[in-house]
2 protein chains.
Amino acid sequence: MQVTINIDNPEPAFAQLTAQIKQGVLGGSLNPGDALPSIRQLAQDLSLNPKTVAKAYRMLERDQVIESKGYRGTFIHQNAMAGSTHDLAAWVHERLTKTIAVLRDAGATDSEIRIAFGNAMNQQISKGT
Amino acid sequence: MQVTINIDNPEPAFAQLTAQIKQGVLGGSLNPGDALPSIRQLAQDLSLNPKTVAKAYRMLERDQVIESKGYRGTFIHQNAMAGSTHDLAAWVHERLTKTIAVLRDAGATDSEIRIAFGNAMNQQISKGT
DNA sequence: TGTTGTACCCTTACCTCAAATGGTACATTA
DNA sequence: TAATGTACCATTTGAGGTAAGGGTACAACA
């Protein structure tokens, strides 16, 4: 499996990583149980900060595409195929689109919606990055 | 009715205006049919840009607290009491809070939610400010 | 000892947006 | 003519966010 980062691509580096690994799973070049390069190794190969690669891995693990096994390394998840299929981001977008439509229908201005959104995001407790 | 702008108040000027006028209605010092100072006049009195006052008036008219009658001026709306009671911003906040909770429950990170929100806001068509 | 993932600290660059301001212009009407 | 609300053009300031980087440190294990 070959991974590449295109600087000219407006897509952030970590997103390019996750997209390519998911493609590798869907395309059959990455199979459940396969070992992935370590965070530090991949970061060095791509001239990226380990934190950037770690972020990509973290997202992929949440989506059940890969599985981190601590000191043993990181591997393709058993349900990687399913995990690579459903698109959480698209679902989030759809969900927000519907809510926004309701708010606008009620007469709320975009400024009001944006400010209320910012407040709501900061007043609730979160865990992830 | 006396209106004041407090520079030290983090609340934006137009919001201070709308809040005070709504308070005037709820407190009985402003009654349906009462004339309000013109946008330019109030702006000059408060050392504000007419656009800032106009923004406050626009919000108040949407909430049915005041009514603009073109060249005749602006007046307290007949349903001003009801309009000053219900809080659209609070409802918007509650609605967004619920949606955000659902998205977070699904595992979405705050970054993902914020980015999706920004996209959703920009991909839909709006009218108001 | 060296490597694994992970969790903190802090900093930078870039971007978007809200808020407010300045100016000009319009139709309407007393 | 003067005043009304309104609609454009534009700019500036400040806040807050993402993405990414640099560095240090930890427990677990071969």
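We name chains A, B, ... by the order of the sequence lines, and we start the count at 1 in each one. The analysis underlying the following values was restricted to heavy atoms, covering all of them including side chains, and did not include hydrogens, waters or symmetry mates.
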Please tell me if [X] has a side-chain N or O lying less than 4.0 Å from either OP1 or OP2 of [N].
X      : N      : result
A:N122 : D:dG17 : yes
A:T52  : D:dA20 : no
A:K55  : D:dA19 : yes
A:S111 : C:dA18 : yes
A:Y57  : C:dG5  : no
B:T74  : D:dT4  : no

- Message: Measuring from atom CD of B:Q64 to atom NE2 of B:H86, what distance do you get when rounded to the nearest 0.5 angstrom?
- Response: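 Rounded to the nearest 0.5 Å, the CD-NE2 separation comes out at 6.5 Å.
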
- Interatomic distance, B:I76 atom CD1 to B:M81 atom CE [nearest 0.5 angstrom]: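 So the gap between those two atoms works out to 11.0 Å.
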
- Message: Expected output is a numbered-order residue list: members of residues 92-103 of chain A with a heavy atom under 4.0 Å from any atom of DNA chain C. What is it?
- Response: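 Contacts with DNA chain C under 4.0 Å: none.
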
Output the rounded distance in Å from [atom1] ([X]) to [atom2] ([N]).
X      : N      : atom1 : atom2 : value
A:I66  : C:dT6  : CD1   : P     : 8 Å
B:L36  : D:dA3  : CG    : C1'   : 16 Å
A:I115 : D:dG16 : CD1   : P     : 12 Å
B:F14  : C:dC17 : CZ    : C1'   : 13 Å
A:K51  : C:dC8  : NZ    : P     : 10 Å
A:I7   : C:dC14 : CD1   : P     : 14 Å
B:N119 : D:dT18 : CG    : P     : 13 Å
B:F75  : D:dT4  : CZ    : P     : 11 Å

- Item | pair B:N6-B:E11: side-chain heavy atoms closer than 4.5 Å |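 No. Closest side-chain heavy atoms not under 4.5 Å.
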
- Message: I want to check something: taking the side chain as every heavy atom from C-beta on, are A:D110 and A:R104 in contact at a cut-off of under 4.5 Å?
- Response: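 Side chain of A:D110 against side chain of A:R104, heavy atoms only: contact under 4.5 Å found.
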
- Query: Is the number of heavy atoms from other residues, nucleotides or ligands under 6.0 Å of B:Q44 CD greater than 12?
  - Reply: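 Check fails, neighbour count at 12 or below.
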
- Item | Options D:dT4, D:dA19, C:dG22, nucleotide nearest the side-chain atoms of B:N49 |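 The listed nucleotide nearest to B:N49's side chain is C:dG22.
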
- Item | Minimum-distance nucleotide to A:A13 side chain [options: D:dA20, D:dT6, C:dT6] |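 The closest nucleotide is D:dA20.
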
- Task: Could you please spell out the steps behind the side-chain contact (heavy atoms from CB on, under 4.5 Å) verdict for B:L96 and A:L103?
- Result: CA-CA 9 Å; B:L96 284 170; A:L103 301 182; 3.7 Å; yes

- Message: If you assign each of A:E11 and B:S38 to its closest nucleotide in DNA chain D, which residue comes earlier from the 5' end?
- Response: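 Whichever sits nearer the 5' end wins; that is B:S38.
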
- Item | Toward the 5' end of DNA chain D, by each residue's nearest nucleotide, B:R114 or B:A54 |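 Its nucleotide being nearer the 5' end, the pick is B:A54.
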
- Message: Applying a 4.0 Å non-hydrogen cut-off, can you work out what B:E61 is touching in the nucleic acid: base, sugar-phosphate, or nothing?
- Response: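 If one applies the 4.0 Å heavy-atom cut-off, B:E61 turns out to touch the sugar-phosphate alone, with no base involved.
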
- How would you label the contact of A:R72 with the nucleic acid (heavy atoms, under 4.0 Å): base, sugar-phosphate, or nothing?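 Nothing: the residue A:R72, judged by heavy atoms under 4.0 Å, touches no strand.
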
- Please confirm whether the backbone N or O of B:Q78 pairs with a side-chain atom of B:E67, one donor and one acceptor, at under 3.5 Å?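 Absent.
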
- 5' priority, DNA chain C, between B:R40 and B:G118 [closest heavy atom]: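 The residue mapped nearer the 5' terminus is B:G118.
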
- Same cluster or not: are B:I66 and B:F75 linked, directly or through other Ile, Leu, Val, Met, Phe, Trp or Tyr residues, by side-chain heavy atoms under 4.5 angstrom apart?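 No, no single cluster joins them.
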
